Amino acid sequence: MRPARFHSWNVTPQEASAIQSTLSDKVETCPLPGKIQLVAGADVSFDTGSNMVYAAVTVLRFPELTLVERRSAAETITFPYIPGLLAFREGPPILHAFQQLHNIPDVFMFDGHGLAHPRRFGLASHLGVLFDLPSIGVAKRVLVGSFDQMKKEQGNYSSLIEKGEEVGLALQTKDNVNPVYVSIGHKSDLPTSREFVLACTAQYRVPEPTRQAHLAVNALRTGAEIDLDVGGDQTTLFE
DNA sequence: GCGACAG
DNA sequence: ATCTTGTCGC
């Protein structure tokens, strides 16, 4: 069965919003797979001067978090940044990098929200549905909702609530840092996503899949060749 | 009308 | 996101 029917990305903000409302009921909530061996992370970087967008997708082996594959895309910016419509700006380049993957991940982590979105269909949900892969949104700032403050101790978390609905979690990935905001993308749920995000966190606030993608995309933007496919394992490359 | 507002 | 040095705090 092919649930991921594609739509045009060449739309107006009004049409983009309508697409989100329509596709939002494609999102499925369920626990993450019991056996996860590959995790992917994606990130995008911009060059306002040259009007270029750069995307990088990394695939890490889990739970080791060693790099397995890395793919990229560089194209022209086609959509403005509008809060709530991030997928229409970052989706295309991430999709193009994703399509080059030889190793299909079991779970995909995105830099942005999933259900913690005004129409419950943020970037993580959008791409999760299009790729038809379990996905999780891990954002660094809130878009919608509020949460009760908590002690900044690793592992602590607090519900992100909007309109009486729990749309995600504020999660402490490390001690004494700001929390990251975790929400369901597609085929995932809050309890298993919370544990998984913590399991993907190494030495920094941002979990490794998206952190590695962030490092890669910045290297890409400054001219580096980052595509890579490791048959066996490999540690990092930058740092 | 006013403020908020993923990256 | 991006432009950017030093600096306060653990």
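To find a chain, count down the sequence lines: A is the first, B the second, and so on, and within it residues start at 1. Basis for what follows: all heavy atoms, side chains included, without hydrogens, waters or symmetry-related copies. Quantities reported herein were computed from a predicted structural model and do not represent experimental measurements.
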Next on the checklist: Between A:R119 and A:S17, do the side chains contain a donor N or O and an acceptor N or O under 3.5 Å apart?
Outcome noted: yes
Next on the checklist: Testing the 3.5 Å rule here: is there a donor-acceptor pair between the side chains of A:N103 and A:E69?
Outcome noted: yes
Phosphate contact ([N] OP1 or OP2) by [X] side-chain N/O below 4.0 Å:
X: A:R221; N: C:dT2; answer: yes
X: A:K140; N: B:dG7; answer: yes
X: A:T48; N: C:dA1; answer: no
X: A:N218; N: C:dT2; answer: yes

What's the [atom1]-[atom2] distance between [X] and [N], to the nearest Å?
X: A:E162; N: B:dA4; atom1: CD; atom2: C1'; result: 12 Å
X: A:H113; N: B:dC5; atom1: NE2; atom2: P; result: 11 Å
X: A:D43; N: C:dA1; atom1: CG; atom2: P; result: 7 Å
X: A:E153; N: C:dC10; atom1: CD; atom2: C1'; result: 15 Å
X: A:F46; N: B:dA6; atom1: CZ; atom2: P; result: 13 Å
X: A:I94; N: C:dA1; atom1: CD1; atom2: P; result: 13 Å
X: A:L123; N: B:dG7; atom1: CG; atom2: P; result: 10 Å
X: A:H214; N: B:dG7; atom1: NE2; atom2: C1'; result: 11 Å

Next on the checklist: Using a heavy-atom cut-off of 4.0 Å across all strands, would you classify A:G84 as base, sugar-phosphate, or nothing?
Outcome noted: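 Here A:G84 touches the bases of the nucleic acid.
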Next on the checklist: Considering every strand and a 4.0 Å limit on heavy-atom distances, what is the contact class for A:V144: base, sugar-phosphate, or nothing?
Outcome noted: nothing
Proximity of [X] and [Y] rings by center, below 6.0 Å:
X: A:W9; Y: A:F88; value: yes
X: A:F62; Y: A:F196; value: yes
X: A:H126; Y: A:H117; value: no

Checklist entry - Stacking between A:Y81 and the base of B:dG7 (centre distance under 5.5 Å, interplanar angle under 30°)? => result yes
Checklist entry - The side chain of A:L143 lies closest to which of these nucleotides: B:dA6, C:dA1, B:dG7? => result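 For the A:L143 side chain, the nearest candidate turns out to be B:dA6.
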Item to check | Pairs where residues 19-57 of chain A contributes a residue and the test ring pair (Phe, Tyr, Trp, His ring centres under 6.0 Å) is met, not counting sequence neighbours | outcome: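 As it turns out, there is no ring pair (Phe, Tyr, Trp, His ring centres under 6.0 Å) pair with a partner in residues 19-57 of chain A once direct neighbours are skipped.
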Item to check | Donor-acceptor pair, side chain of A:S24 and main chain of A:F121, under 3.5 angstrom | outcome: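 Flag not set: sc A:S24 to bb A:F121 has no pair under 3.5 Å.
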Checklist entry - DNA chain C in dot-bracket, Watson-Crick or G-U pairs under 3.5 Å, [ ] crossing, | other strand? => result ..........
